[in-house]
*Asks:* 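Take this structure first; my questions come after.
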Amino acid sequence: MSDQATQVSSNKEKVNVVGTHLQNNGYHDSLPPYDSEKMIKEFLRQPPSKAVDENLLEFSEAMRTVAKALRRVSEGKASAQAEAAEWKRKYELEREKNLQQKHKGEVTEGLQNHSDQENSSIEQTDKCCGKHGICSHEVLRDDMMVSKTKFIHDLAMRKAPFKLLWGCNGGKNGQHKHDVVSFEKGNITAAARSSKQISLKWESHPQTVLILTKPNSTPVRVLCAEMVRWLKDIKKIDVIVEPRVKAELLAENSYFNFVQTWEDDDEILLLHTKVDLIITLGGDGTVLWAASMFKGPVPPVVPFSLGSLGFMTPFQSELYRDCLDTILRGPISITLRHRLQCHVIRESATDELDTEDPILVLNEVTIDRGMSSYLTLLECYCDNSFVTCVQGDGLILSTTSGSTAYSLAAGGSMVHPQVPGILFTPICPHSLSFRPLILPEHVTLRVQVPFNSRGHAWASFDGKDRKQLSAGDALICSIAPWPVPTACLVDSTNDFLRSIHEGLHWNLRKPQSSDGPRDH
Ligand SMILES: NC(=O)c1ccc[n+]([C@@H]2O[C@H](COP(=O)([O-])OP(=O)(O)OC[C@H]3O[C@@H](n4cnc5c(N)ncnc54)[C@H](O)[C@@H]3O)[C@@H](O)[C@H]2O)c1
Ligand SMILES: Nc1ncnc2c1ncn2[C@@H]1O[C@H](COP(=O)(O)OP(=O)(O)OP(=O)(O)O)[C@@H](O)[C@H]1O
């Protein structure tokens, strides 16, 4: 189209818009018959009418006001939803705490004759938390859930208690540091952070291990059978496996009759009350699988590598005896991997708390266009502020552990898993300036499919469990109160750097030789 033709066409659109507006406002008589090509050309040849210009200005001002009002309404809704999610999270934490206290009461009452050692370890824990306030007992203590029946109560009593300690450099007597910022004589100084390497110290011997395995793999099946024998015969440890694995073991040999499993999926909800340690045999997907089985607190995970990349699986399967010996003795360095807690809120929900069951992800939640060939349109809010509208293939909300997975492939940064934060990474955005963001861990994010979206969006959780999001549906996402503690081979930092060097060959380049030109 020539420039002139383009100009005429755009003028025609302008006249149509103005014409409609003026007509709607009762200006019938002053209007040119805007459906006639000839009259339009005539109209355009006339010098601009002051009345039309003023009306156009008034009209665009009105549109801007409407847009602002709509944005304010959306932000208000986002804020209300974020607040509701936050209250729900606080309520869940408070409930857990109360249950734990109630349980502690029951334990003390029922165990007056219990060994002094056991009682003193509980006291020590209270001291630790009370004194330093940052010990993770509140979240991770193994006996935290209430046992309503004697059965569960007994199981919980068999769990090996442990302590989590922050490594401190320079702190006197292992004193933990609280202040992030100190204020002395008007000078603001960042105090040394206490969140160094976390170590886990058993207070009694672990007694029960849950082994989770990648399906359909002969090496995994062979190793699993060998490990179960070793744990039972040499270490005298009880073993729990999935029903599928128990069937495989029994098909091999009736010796494995002692291995425990569950019959009903509801029993999975109570596993954390009796499992001291989880062992995974597989790749990163098996660690994700293990995490997904625990909707609340997660026992420490020891991931053995029987996959291809193994970002979260630092332990070599051939050396399992030495590794497990060290881990069962303790103390062990662990990485507390944060998870995201995701709620889908349907447009049809009657109130903001009327959500589907929350889903916890260790890597990421992805909202994409699924089978749709249209651009995804997603409105994003952070707490009560509008972030942006995503127009592209979708959006990834990732944990820092997931930063080396899908988010990395979509151009996000790699982040040390111990850094608390949420990665906001677009997938193929149709915009040149949409760079990925990293947001602080305390925010609540809301991603909504607006009513003018051309298609549905699809949310998937650690690459699984796809849910359709229709216009008006929203996904609310915040850091979950229950991290996944994974055992380190060396420590968090060493393991992370090793995984990006070995897994991704990060910044691998042939070294340049020293011969050739030099600065003098
Ligand atoms: N384009 C992509 O890179 C892409 C696409 C879809 C899914 N994924 C990832 O796959 C994950 C699901 O894993 P799966 O094993 O069940 O599926 P899968 O069997 O398809 O394996 C996906 C690959 O991602 C790797 N991976 C998983 N978590 C990782 C992590 N935290 N850091 C580095 N690499 C990681 C695995 O080692 C594996 O090689 C999803 O959470 C998502 O992050 C990646
Ligand atoms: N116990 C399990 N039950 C059902 N599915 C599982 C189980 N463990 C793992 N999976 C699934 O099997 C798939 C492959 O597992 P995993 O990623 O551990 O092995 P891999 O693909 O061989 O290794 P890598 O991811 O390192 O390439 C994943 O999608 C995971 O969700």
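Position 1 is the first residue of the sequence, and the numbers go up from there. Order of appearance sets the numbers: ligands from 1, and atoms from 1 within every ligand.
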*Asks:* Output yes when a protein non-hydrogen atom is found under 4.0 Å of atom 21 (O) of ligand 2, and no otherwise.
*Replies:* no
*Asks:* Would you find a donor on one side and an acceptor on the other, under 3.5 Å apart, between the side chain of D465 and the backbone of S460?
*Replies:* no
*Asks:* Where the closest heavy atom to atom 36 (C) of ligand 1 is concerned, which of T286, D284, I500 has it?
*Replies:* D284
*Asks:* Any protein heavy atom at under 4.0 Å, with atom 15 (O) of ligand 1 as the reference point?
*Replies:* yes
*Asks:* With a cut-off of 4.0 Å, which atoms of ligand 1 are near a heavy atom of A409?
*Replies:* 1 (N), 2 (C), 3 (O)
*Asks:* Tell me the closest heavy-atom pair linking S413 and L423, and the distance in Å.
*Replies:* O-CD2, 3.5 Å
*Asks:* Are any non-hydrogen protein atoms located under 4.0 Å from atom 18 (P) of ligand 1?
*Replies:* no
*Asks:* At a non-hydrogen distance cut-off of under 4.0 Å, which region of L288 contacts ligand 1 (side chain, backbone, both, or neither)?
*Replies:*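 L288 to ligand 1: side-chain contact only, backbone stays beyond 4.0 Å.
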*Asks:* Quick check on contacts: which atoms of ligand 2 are under 4.0 angstrom from a heavy atom of R244?
*Replies:*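 In order of numbering, the contacting atoms are 1 (N), 2 (C), 3 (N).
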*Asks:* Would you mind listing which atoms of ligand 1 come within a distance below 4.0 Å of any non-hydrogen atom of L309?
*Replies:*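 Under 4.0 Å from L309, ligand 1 has these atoms: 37 (O), 39 (O).
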*Asks:* Looking only at heavy atoms, is any part of T286 under 4.0 Å from ligand 2, and if so is it the side chain, the backbone, or both, or is it neither?
*Replies:*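 Under 4.0 Å from ligand 2, T286 contributes backbone and side-chain atoms.
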*Asks:* Which atom names give the shortest non-hydrogen contact between L362 and A291, and what distance separates them?
*Replies:*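 In this case the closest contact between L362 and A291 is CD2-CB, 4.0 Å.
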*Asks:* So which heavy atom in the protein is nearest atom 40 (C) of ligand 1, and how far is it from that ligand atom?
*Replies:* E364 OE2, 3.3 Å
*Asks:* Among protein heavy atoms, which lies nearest atom 12 (O) of ligand 2, and at what distance?
*Replies:* P215 CD, 4.1 Å
*Asks:* Is it the case that the side chain of D495 and the backbone of C488 share a donor-acceptor pair, with hydrogens and angles ignored and the cut-off at 3.5 Å?
*Replies:* no
*Asks:* Within a distance of under 4.0 Å, is there any protein heavy atom near atom 4 (C) of ligand 2?
*Replies:* yes
*Asks:* So, for atom 28 (N) of ligand 1, does the protein have a heavy atom nearer than 4.0 Å?
*Replies:*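 Flag for atom 28 (N) of ligand 1 set to true, protein heavy atom closer than 4.0 Å.
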*Asks:* Give the residue, atom name and distance (to 0.1 Å) of the protein heavy atom nearest atom 30 (C) of ligand 2.
*Replies:*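 Sorting protein heavy atoms by distance from atom 30 (C) of ligand 2 puts G285 O, 3.7 Å first.
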*Asks:* With heavy-atom distances below 4.0 Å as the criterion, list the atoms of ligand 1 near F311.
*Replies:* 32 (N), 33 (C), 34 (N)
*Asks:* Look at atom 26 (O) of ligand 2 and say which protein heavy atom is nearest, naming residue and atom and giving the distance to 0.1 Å.
*Replies:*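 Minimum-distance protein heavy atom for atom 26 (O) of ligand 2 reads S308 N, 2.9 Å.
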*Asks:* Write down the atom of K246, the atom of V241, and the distance for their closest heavy-atom approach.
*Replies:* N-CG2, 3.6 Å
*Asks:* List every atom of ligand 2 that sits less than 4.0 Å from any heavy atom of L309, numbering the atoms from 1 in the order shown and giving each element.
*Replies:*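 Near L309, the atoms of ligand 2 are 26 (O).
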*Asks:* Is it true that a side-chain atom of W482 and a backbone atom of R339 form a donor plus acceptor pair closer than 3.5 Å?
*Replies:*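 No: the side chain of W482 does not pair with the backbone of R339.
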*Asks:* Distance alone, cut at 3.5 Å: any donor-acceptor contact between the side chains of S398 and S407?
*Replies:* no
*Asks:* For A160, does its backbone N or O pair with a side-chain atom of D276 as donor and acceptor, under 3.5 Å?
*Replies:* yes
*Asks:* Taking 4.0 angstrom as the limit and counting only heavy atoms of M312, give me the atoms of ligand 1 inside it, by number and element.
*Replies:*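 Matching atoms, with element in brackets: 31 (N).
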*Asks:* How far is atom 31 (N) of ligand 1 from its nearest protein heavy atom, and which residue and atom name does that atom have?
*Replies:*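 That would be N363 OD1, 2.9 Å.
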*Asks:* Considering distance alone, does some N or O of L306 sit under 3.5 Å from an N or O of ligand 2?
*Replies:*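 N/O-N/O distance under 3.5 Å: no.
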*Asks:* Do T400 and H338 pair up side chain to side chain, a donor and an acceptor below 3.5 Å, judged on atom types alone?
*Replies:* no
*Asks:* Of all heavy-atom pairs between T213 and T286, which one has the smallest distance, and what is that distance?
*Replies:* C-CG2, 4.1 Å
*Asks:* To which protein heavy atom is atom 14 (C) of ligand 2 closest, and what is the distance rounded to 0.1 Å?
*Replies:* K214 CD, 4.3 Å
*Asks:* Tell me if a side-chain donor or acceptor on T376 pairs with a main-chain N or O of D393 at a distance below 3.5 Å.
*Replies:* yes
*Asks:* Any heavy atom of S401 closer to ligand 1 than 4.0 angstrom?
*Replies:*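 Yes, S401 has a heavy atom closer than 4.0 Å to ligand 1.
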*Asks:* Nearest to atom 23 (O) of ligand 2, what protein heavy atom do you find, and at what distance?
*Replies:*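 Ranked first by proximity to atom 23 (O) of ligand 2 is G307 CA, 3.4 Å.
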*Asks:* State the atoms of ligand 1, each with its element, that fall below the 4.0 Å cut-off from a heavy-atom position in K464.
*Replies:*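 Per the distance check, 16 (O).
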*Asks:* So, the side chain of Q418 versus the backbone of L336: is there a donor-acceptor pair under 3.5 Å, distance only?
*Replies:* yes
*Asks:* Taking S431 for the side chain and S433 for the main chain, is one N or O donor matched with an acceptor at less than 3.5 Å?
*Replies:*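 Judged by distance alone, yes, a pair lies under 3.5 Å.
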*Asks:* What protein heavy atom is closest to atom 25 (O) of ligand 2, reported as residue, atom name and distance in Å?
*Replies:* D284 N, 4.0 Å
*Asks:* What's the shortest heavy-atom distance between H272 and F294, and which atoms?
*Replies:* N-CE2, 3.8 Å
*Asks:* Below 4.0 angstrom, counting only protein heavy atoms, does anything approach atom 44 (C) of ligand 1?
*Replies:* yes
*Asks:* Check for a donor-acceptor pair, side chain of D284 on one end and backbone N or O of M312 on the other, with a separation under 3.5 Å.
*Replies:*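 Yes: the side chain of D284 pairs with the backbone of M312.
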*Asks:* With heavy atoms under 4.0 Å as the rule, classify the contact between Y406 and ligand 1 as side chain, backbone, both or neither.
*Replies:* both
*Asks:* Within the 3.5 Å criterion, strictly below it, is a donor on S492 or T335 matched to an acceptor on the partner's side chain?
*Replies:*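 Their side chains do contain a donor-acceptor pair, which is all the 3.5 Å distance test asks for.
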*Asks:* Would one find an N or O of G282, backbone or side chain, under 3.5 Å from an N or O of ligand 2?
*Replies:*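 Checking ligand 2 against G282, no N or O pair falls under 3.5 Å apart.
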*Asks:* Flag atom 22 (C) of ligand 1 as yes if some protein heavy-atom distance to it falls below 4.0 Å, otherwise no.
*Replies:* no
*Asks:* Check whether any side-chain N or O of Q197 sits under 3.5 Å from a backbone N or O of I334 as a donor-acceptor pair, and report yes or no.
*Replies:*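 Confirmed, Q197 side chain pairs with I334 backbone.
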*Asks:* To the nearest 0.1 Å, how far is atom 31 (O) of ligand 2 from its closest protein heavy atom, and which atom is that?
*Replies:*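 Protein heavy atom at minimum distance: K464 NZ, 3.0 Å.
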*Asks:* Look at atom 30 (C) of ligand 1 and find which of S398, G310, A405 reaches it with the closest heavy atom.
*Replies:*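 Nearest option to atom 30 (C) of ligand 1, by heavy atoms: A405.
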*Asks:* Hey, is atom 10 (O) of ligand 1 touched by any protein heavy atom at less than 4.0 Å?
*Replies:*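 Flag for atom 10 (O) of ligand 1 set to false, no protein heavy atom closer than 4.0 Å.
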*Asks:* Identify which one of R346, H456, K467 satisfies the side chain to side chain donor-acceptor pair (under 3.5 Å) criterion when paired with D473.
*Replies:* R346
*Asks:* Between T213, L212, V241, which one has a non-hydrogen atom sitting closest to atom 1 (N) of ligand 2?
*Replies:* T213
*Asks:* Identify the heavy atoms of P358 and H343 that sit nearest to each other, and give their distance.
*Replies:*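 That closest heavy-atom pairing would be CB-CE1, 3.6 Å.
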*Asks:* For E242, counting its heavy atoms only, list the atoms of ligand 2 lying under 4.0 Å from any of them.
*Replies:* 1 (N), 3 (N)
*Asks:* Output the list of atoms in ligand 2 that are nearer than 4.0 Å to some heavy atom of G283, sorted by atom number.
*Replies:* 16 (P), 18 (O), 19 (O), 23 (O), 26 (O)
*Asks:* Would the distance check show the side chain of D264 and the main-chain N or O of E267 forming a donor-acceptor pair, the cut-off being under 3.5 Å?
*Replies:* no
*Asks:* Below 4.0 angstrom from a heavy atom of T404, which ligand 1 atoms are there? Numbered from 1 as shown, please.
*Replies:* 30 (C), 31 (N), 32 (N), 33 (C), 34 (N)
